[in-house]
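The structure appears right after this line, and notes come after that.
Naming convention: chains lettered A, B, ... in sequence-line order (proteins, then strands); numbering from 1 in each chain.
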Amino acid sequence: MNWPRALLTDSGGFQMVSLLHLADITEKGVTFQSPVDGKPMLLTPEESIQIQNKIGADIIMALDDVVKTTITGPRIEEAMHRTLRWIDRCIAAHKRPHDQNLFGIVQGGLDPVLRDICVRGLVDRNLPGYAIGGLAGGEDKDSFWRVVAQCTATLPEDKPRYVMGVGYPLDIVVCSALGADMYDCVYPTRTARFGTAIVPEGVLKLKHKAMAEDTRPIDPQCACMVCKNYTRAYIHSLVTKDAMGSQLLSFHNLYYMMQLSRNLHSSIVQGKFPEFVCNFLQKMFPKGDIPEWVCNAMEVAEIDISSCCAPFRYIQATKVQSNLNEDEIQAV
Amino acid sequence: MKFVVKAWSNGGARAGILHLGTSTIDTPSLLLSTRKGLPHFISPDLLSCLPAPESRLLHVSPLHFLEGLSMKTISKIGGLHQLLGLHDHCFVAVPRDSIQCLPEANSTNKIGASFETPCGRLLIKAVEYMEMISSTRPELWATLADEVPAWVSDKRNKTSVDRTIKWLDECISISPASGAVFGAIVGGSSLEERRRCAQEVATRNVSGYWVGGLGLGESMDERPALLNAVIEALPEEKPRLICGLGLPEEILQGIAAGVDIFESTYIYHLTLGGFALTFPLDRTQINASNLVPSDVGSDPRKINLRASVFRKDTTPIVEGCMCYTCRNHTRAYINHLLNVHEMLAQILLEIHNTHHFLGFFRLIRDAINAGRFEEFRREFVQRWR
């Protein structure tokens with residue numbers, strides 16, 4: 001690839017969830033049906049690590065047994081325990097521990113007890129970093145943030161926490177407030193291919209007819225090549241019809257996400273994080289109608305966003321806060 | 001616009017200098033094809049990695065913008081340079097685009113020229129066309145023509161010449177203050193009509209000539225006579241532009257007849273097919289390759305990077321090529337990108353193919369300047385037969 005900067009490879013485990021109707025998961029590993037020729041393929045923890053060793057990325061992911069959060073029942077517990085058994089196989093198979101950092105992935109669905117067991121198990125292995133997996137799959141936001149909060153509260157402070165598959169700018173801001181450090185998501189580029197730009201207010205659908213006459217840039221405050229050179233009208237004429245439209249929007253969206261990360265980082269370093277969060281939320285929710293889950297999460301994260309919440313919402317949020325049980329208050 | 005012929009070589013071939021906008025371009029030169037003003041795949045920030053100034057001539061069909069953008073809005077934005085964020089490039093507007101805006105001779109009538117476009121069949125009147133020209137403000141533009149394929153009746157062909165001349169006069173009378181105008185010359189595959197049209201257009205006050213209606217069904221054998229019939233009637237000191245001659249041999253044919261600027265879709269089709277140009281551009285390499293027998297069944301001019309033989313080939317497309325693609329990536333990587341359907345493959349291929357084809361034009365200019373164009377042409381055609 002001739003890429004001189006950092007690289008991270010995934011284990012192939014996520015495909016288990018997305019191709020589940022083709023997968024058979026056993027203690028050995030995951031049997032796929034090859035999309036190329038239909039032949040059965042077995043991906044074991046050993047094989048996944050071997051491949052990742054060959055690719056040579058700086059961070060590699062353990063093969064985990066991941067299940068959708070929308071599933072209930074004993075499968076979730078089975079997957080969590082298997083993930084712990086597989087991490088040992090991954091560690092044993094890892095031939096390049098000095099130049100590649102193997103991250104473990106916390107599983108356990110939405111069950112705090114299972115998540116706790118998994119966190120402790122992984123922390124015992126003293127890995128260079130930890131991912132919070134199994135989220136970003138359609139679960140409701142209220143459950144989502146609570147799992148992230150629990151994990152960040154119990155994972156070591158001095159190691160990176162990587163929330164896999166997240167995501168929307170709002171989700172990233174909330175997870176960062178809760179103590180997460182790293183994210184990955186297809187959202188910026190996928191939404192670009194559908195003609196949608198990410199802007200401070202939320203999204204801008206360039207396909208919309210109104211864009212055809214709009215001679216403003218996508219985001220007047222964005223310093224990217226696309227916003228400095230192109231109008232919404234021109235991009236409108238390209239989107240969904242020409243590859244160049246996808247390229248230009250992808251460029252802007254990725255730039256936007258990079259700028260968001262940079263701003264999160266510098267606001268924390270400068271001690272202005274709550275200010276940044278309020279500003280961010282105000283632009284996205286000018287009427288103050290911030291979703292309840294965000295208010296709740298910010299409470300737990302001890303970020304005061306009362307200045308941007310419409311009064312009624314804030315009262316709701318403090319009610320929820322008082323419902324936290326002993327363990328949760330301890331963790332916070 | 002200013003054009004000066006600097007050198008001649010056996011017969012019609014000439015090398016010149018074209019001053020257009022802020023650029024000084026050596027001719028014969030190539031117009032890069034665009035879609036709505038930008039390359040098909042190369043993103044605007046990578047355009048600067050192409051050799052300058054020869055990569056700065058862009059062919060634009062104003063008809064592309066009819067899909068999704070009004071002329072009023074383009075005007076409001078300030079024309080093509082503002083619209084496309086390309087301030088160092090020069091735009092040459094020709095209604096026909098050999099990839100997506102093809103003349104539809106059966107539907108053309110006295111009201112306007114018909115084109116088959118991605119937004120359906122469009123009938124363009126001269127006055128509408130001139131509105132597009134004044135909104136987009138290209139540095140150079142061709143007048144509206146009635147282009148007919150080689151097989152039309154004599155009557156239809158004659159009508160196309162009359163119409164084209166009429167529209168030329170109409171376009172010139174509505175002509176905006178800026179932008180050099182090239183008069184369109186048609187005439188199908190009739191030597192007489194070609195001559196007649198050229199003679200008429202030569203009397204008009206235009207900065208140069210656009211030879212239209214070729215690459216629409218005439219054979220390569222018929223073409224030289226048709227080109228000569230046109231060129232003979234035109235003044236030497238004004239530049240000639242042509243569309244529809246895509247392949248290297250066709251370009252050489254056009255240059256031999258005295259054409260200066262070419263629109264070609266060769267790069268686009270190569271790129272889409274996963275092909276990369278590899279014929280040597282270096283004189284020593286050209287001589288050396290005479291000694292190497294080419295493989296049976298393979299095309300020594302280009303490689304198809306989809307082929308599995310390149311799966312582990314960690315060499316660049318062309319060793320020593322200074323394009324972004326060859327400096328940074330391997331055949332194996334592009335083969336992989338093609339296999340997994342990643343758009344980066346087309347971007348890298350378009351960069352290399354453009355670079356390489358522009359190199360071909362440089363070889364041509366060198367040959368003309370050295371007075372050995374016919375020799376160069378003969379060798380090239382023979383080697384790659």
Side-chain angles (χ1 to χ4, degrees), chain A residues 1-5 7 12 15 34-37 51 54-56 186 189-190 192-193 195 205-218 222-255, chain B residues 34-48 64-87 100 117-119 271-272 314 316 324-330 332-334 336-337 339-348 350:
Chain A
M1 284 167 32
N2 194 17
W3 179 256
R5 303 192 213 131
L7 269 177
Q15 279 64 37
S34 164
V36 175
D37 57 9
I51 295 170
K54 286 199 188 132
I55 296 173
V186 298
T189 47
R190 176 177 288 164
R193 292 198 301 275
K205 294 198 155 92
L206 273 305
K207 265 202 303 194
H208 202 278
K209 256 178 34 182
M211 296 290 129
E213 308 288 312
D214 196 334
T215 56
R216 294 174 290 174
I218 289 171
C222 180
C224 85
M225 180 262 291
V226 178
C227 292
K228 287 216 148 333
N229 286 292
Y230 300 101
T231 55
R232 297 173 180 195
Y234 181 63
I235 310 249
H236 166 81
S237 73
L238 295 176
V239 291
T240 72
K241 297 194 208 95
D242 298 293
M244 188 56 66
S246 297
Q247 277 204 58
L248 294 178
L249 273 184
S250 293
F251 190 104
H252 164 78
N253 286 355
L254 288 172
Y255 187 96
Chain B
T34 65
R35 174 105 188 96
K36 292 176 184 149
L38 288 180
H40 298 273
F41 303 106
I42 306 176
S43 55
D45 55 329
L46 285 177
L47 278 177
S48 54
H64 287 172
F65 297 106
L66 294 174
E67 187 185 32
L69 205 54
S70 74
M71 286 302 138
K72 214 176 82 198
T73 306
I74 296 181
S75 226
K76 185 172 161 208
I77 294 171
L80 288 174
H81 289 278
Q82 301 319 106
L83 184 73
L84 306 170
L86 297 175
H87 302 280
Q100 289 189 316
T117 76
C119 37
T271 301
L272 274 196
T314 54
Y324 177 91
T325 304
C326 291
R327 280 186 290 114
N328 290 292
H329 295 292
T330 61
Y333 186 54
I334 299 174
H336 164 71
L337 291 173
N339 284 330
V340 294
H341 313 293
E342 280 292 332
M343 194 165 68
L344 184 57
Q346 280 76 37
I347 298 172
L348 294 178
E350 194 180 36

- Query: Which pair of heavy atoms, one from Leu84(B) and one from Tyr230(A), lies closest together, and at what distance?
  - Reply: O-OH, 2.8 Å
- Query: More than 12 foreign heavy atoms under 6.0 Å from CZ of Arg190(A): is that the case here?
  - Reply: no
- Message: I'd like to know if the side chain of Lys36(B) reaches the main chain of Ser237(A), judged simply by a donor and an acceptor atom lying under 3.5 Å from each other, with no hydrogens or angles considered.
- Response: yes
- Measuring from Thr330(B):OG1 to Asn2(A):CG, what's the distance to the nearest 0.5 Å? 9.0 Å
- Answer with side chain, backbone, both or neither: which region of Lys228(A) has an atom nearer than 4.5 Å to a non-hydrogen atom of chain B? neither
- Going from CG on Leu38(B) to CG on Leu238(A), what distance comes out if it is rounded to the nearest 0.5 angstrom? 6.5 Å
- Task: Please state whether the side chain, the backbone, both or neither of His64(B) comes within less than 4.5 Å of a heavy atom of chain A.
- Result: neither
- Message: To the closest 0.5 Å, what do you measure between NZ (Lys76(B)) and OG1 (Thr231(A))?
- Response: 9.5 Å
Which atom pairs, donor and acceptor, lie under 3.5 Å between side-chain atoms of residues 243-251 of chain A and protein residues at least two apart or in another chain?
residue: Gln247(A); atom: NE2; partner: Phe41(B); partner atom: O; Å: 2.6
residue: Ser250(A); atom: OG; partner: Ser246(A); partner atom: O; Å: 2.8

- Query: Between Ala233(A) and Ile77(B), what is the shortest heavy-atom contact and its length?
  - Reply: CB-CD1, 4.5 Å
- Item | Atom group of Gln346(B) that falls short of 4.5 Å from chain A, counting heavy atoms | neither
- Under 6.0 Å from the NZ atom of Lys207(A), do we count more than 12 heavy atoms belonging to anything else shown? no
- Segment of Met211(A) engaging chain B (4.5 angstrom heavy-atom cut-off): neither
- Task: Decide yes or no for His236(A) and Leu69(B): does some side-chain heavy atom of the first lie under 4.5 Å from some side-chain heavy atom of the second?
- Result: no
